[in-house]
2 protein chains.
Amino acid sequence: VKKYARAALIGTGMIGGSFARALKDAGIVERLVGADRSRTNLERARALGFVDETAGVAEAAGQAELVILAVPVRATLEVCEALAPVLAARPEVLVTDCGSTKVEVQRAVEAALPFPERFVGAHPIAGTEKSGPDAAQPQLFRGRRCLVTPALATRGDKVAECAALWQAVGAETKYMDPLAHDQALAYVSHLPHAAAFALAQAVGAVDAAGLSGGGFADTTRIAASDPVMWRDVFLANAGPVLAAIDKLEGALGELSRAIAAGDGAAIERLILRAHEGRAKILGNPR
Amino acid sequence: VKKYARAALIGTGMIGGSFARALKDAGIVERLVGADRSRTNLERARALGFVDETAGVAEAAGQAELVILAVPVRATLEVCEALAPVLAARPEVLVTDCGSTKVEVQRAVEAALPFPERFVGAHPIAGTEKSGPDAAQPQLFRGRRCLVTPALATRGDKVAECAALWQAVGAETKYMDPLAHDQALAYVSHLPHAAAFALAQAVGAVDAAGLSGGGFADTTRIAASDPVMWRDVFLANAGPVLAAIDKLEGALGELSRAIAAGDGAAIERLILRAHEGRAKILGNPR
């Protein structure tokens with residue numbers, strides 16, 4: 001695996017911080033310069049030690065051989081505009097990201113980044129409801145999948161360079177088209193977040209503190225996720241997310257109608273379909 | 001705590017089996033006679049040792065000093081009808097249950113059980129998505145809450161006798177009116193199950209096996225729950241459950257509209273409301 005004497009991390013939250021820590025632990029990145037819109041996060045990342053120097057976005061990337069974007073996805077365009085002047089003369093610098101949506105990120109990169117063919121989108125399927133530099137863990141990606149999403153124009157050698165980074169931190173890489181990524185993730189990730197946010201709101205509106213069990217705790221765990229990150233995911237992937245919410249509303253409506261009709265056989269069928277759907281997505285045939 | 005030389009367990013699944021194992025471990029029940037519509041479960045319960053003898057419903061209760069119902073809630077009426085002849089001459093026998101809904105159970109008891117004032121409904125807030133006698137664990141109720149739901153006519157000494165059983169197996173008891181119980185549980189428990197069933201179905205309908213992470217796994221864990229148990233919960237508590245599903249649909253609709261309108265500030269507000277709702281229900285002020 002290629003080594004980098006100097007890398008830039010734009011965004012020092014849980015995912016970016018975990019990637020940085022893992023890359024440093026693996027000896028792949030020697031010196032890491034961090035930039036973050038939040039001065040609190042940036043100083044905390046420095047105090048925690050996974051960021052060696054702090055800087056503005058352009059300055060951080062000034063001499064970096066690798067630039068990692070780990071910002072809420074809708075900040076990508078602005079970050080690429082800030083990076084453009086310092087990356088225009090160095091087309092070999094690999095630029096990658098960790099965002100949960102890929103089509104709009106790719107579009108922002110192609111609009112603003114010099115030599116966008118050296119940009120490789122990536123999305124590690126890891127993380128928790130926590131956020132910020134203190135939640136960064138170097139082991140976060142071990143045994144997890146990382147979806148690497150080259151676009152048509154992306155350079156093949158850069159795709160391999162990016163995949164090698166994720167493999168080096170313990171992830172299993174899988175290539176996906178950005179559009180296919182966003183459509184699938186709208187269901188397996190964005191919809192569960194939408195459902196958890198809505199469920200926590202609906203239940204939270206009633207007077208039932210202390211009466212819940214493990215079911216409520218688990219179904220709403222991810223409802224504690226970062227508002228800005230998820231605002232951006234929903235907006236950046238609005239079409240597929242709205243279609244997925246529609247499907248959930250359809251399934252809820254079907255269950256409602258079966259309950260209202262007192263149709264026990266229909267309710268059982270819906271529950272068995274849920275068993276099958278879950279097992280299929282988790283990859284456990286049953 | 002009162003000891004029972006002989007108790008009857010009607011229904012030998014995860015909850016009934018866990019309660020039986022815990023009561024025997026605590027030395028409260030000496031000999032346990034089990035009955036179950038499923039001969040497989042009943043024989044398994046006997047093989048696992050928490051049931052000492054197997055019998056039909058009436059026969060199991062014939063000489064019991066304590067009768068525990070742990071059946072899908074809609075089976076309560078039929079079980080009480082079967083118990084009536086053997087319990088008519090022994091009004092001191094405590095009859096209790098473990099069901100997830102309480103109003104319809106209480107109604108069934110009052111319709112069919114001789115001396116219904118000795119029946120005390122209870123609902124331990126414990127359990128997992130697993131089911132059957134093999135999922136029974138004597139530690140299941142330690143540190144968990146058990147809602148004890150006396151009706152207007154219930155005898156006070158029997159309420160105390162029932163609460164003592166749950167305290168003896170490690171649960172913290174709390175009294176609730178059956179109607180208040182069903183209305184609150186519709187939100188904190190039945191709605192998360194409905195949401196998880198619908199979500200697993202909606203996501204399972206797309207081609208995305210192996211792409212999910214911890215969010216999908218956790219939000220749909222309880223979608224693997226027993227179909228017959230949950231069919232009965234939804235039917236027995238149909239009114240409050242339908243109202244709760246309505247509220248969830250409302251919250252999803254609000255999120256959809258904010259996404260469709262590109263209204264980032266509204267999305268953030270909804271997510272923050274979800275944070276607050278979750279913290280409130282879990283009893284963690286934030």
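Every chain is numbered from 1 and lettered A, B, ... according to where its sequence line falls, protein lines coming before strand lines.
Residue contact with chain A, scored on non-hydrogen atoms closer than 4.5 Å, involves the backbone of B:S225 exclusively. In this structure, the portion of A:A205 lying under 4.5 Å from any heavy atom of chain B is its backbone and not its side chain. For B:R145, the part sitting under 4.5 Å from any heavy atom of chain A is the side chain, from C-beta outward, and nothing else. Only the backbone of B:D263 has a heavy atom closer than 4.5 Å to any heavy atom of chain A. Contact of B:R74 with chain A is not made at all, since no heavy-atom distance falls under 4.5 Å. Of the atoms belonging to A:I259, heavy atoms from both backbone and side chain fall under 4.5 Å from chain B. Using a 4.5 Å cut-off between heavy atoms, B:A266 does not touch chain A at all. With a threshold of 4.5 angstrom between heavy atoms, B:L211 approaches chain A through its backbone and through its side chain. Both the backbone and the side chain of B:L252 come within contact range of chain A, each with at least one heavy atom under 4.5 Å from a heavy atom of that chain.
Under the 3.5 Å distance criterion, the side-chain polar atoms of A:K280 are left unmatched by any main-chain donor or acceptor of B:V203. Listed for the B:R278 side chain is no donor-acceptor partner under 3.5 Å among the backbone atoms of A:A223. With hydrogens and angles disregarded, no donor-acceptor distance shorter than 3.5 Å links the side chain of A:K247 to the backbone of B:A202.
Distance CG/A:D218 to OG1/B:T128: 10.5 Å, rounded to 0.5 Å. For the atom pair CG of A:D207 and CD1 of B:I281, the computed distance is 8.0 Å after rounding to the nearest 0.5 Å. Once rounded to the nearest 0.5 Å, the distance linking CD1 of A:I271 with CZ of B:F197 reads 4.0 Å. Taken to the nearest 0.5 Å, the NE2 atom of B:H275 stands 9.5 Å off from the CD atom of A:E129. A distance of 13.0 Å separates CD1 of A:I125 from CZ of B:F216, quoted to the nearest 0.5 Å.
No more than 12 heavy atoms of other residues, nucleotides or ligands lie within 6.0 Å of CD in A:E78, so this atom counts as exposed by the packing criterion.
The nearest pair of heavy atoms linking A:Q201 to B:A251 is OE1-CB, 4.2 Å. Nearest heavy-atom pair, A:A217 versus B:L282, reported as atom, atom and distance to 0.1 Å: CB-CD2, 4.2 Å.
For chain B, the option among A:T220, A:I222, A:I245 with the highest count of heavy-atom pairs below 4.5 Å is A:T220. In terms of heavy-atom pairs under 4.5 angstrom with chain B, the leader among A:L185, A:L255, A:L242, A:D246 is A:L242. Chain B forms more heavy-atom pairs under 4.5 Å with one residue of A:R221, A:K174, A:E249, A:R144 than with any other, namely A:R221. Taking chain B as the reference chain and counting heavy-atom pairs below 4.5 Å, the highest number among A:P227, A:A200, A:A258, A:G277 is found for A:P227. Taking A:G262, A:A238, A:A184, A:G210 one by one and counting their heavy-atom pairs under 4.5 Å with chain B, the maximum is reached by A:G210. Of the listed residues (B:V241, B:L199, B:L272), the one with the most heavy-atom contacts under 4.5 Å to chain A is B:L199. Top candidate by heavy-atom pairs under 4.5 Å with chain B, chosen from A:A208, A:A265, A:A244, A:G213, is A:A208.
Applying a 4.5 Å heavy-atom cutoff, the residues of residues 188-195 of chain A that approach chain B are A:V188, A:L191, A:P192, A:A194, A:A195.
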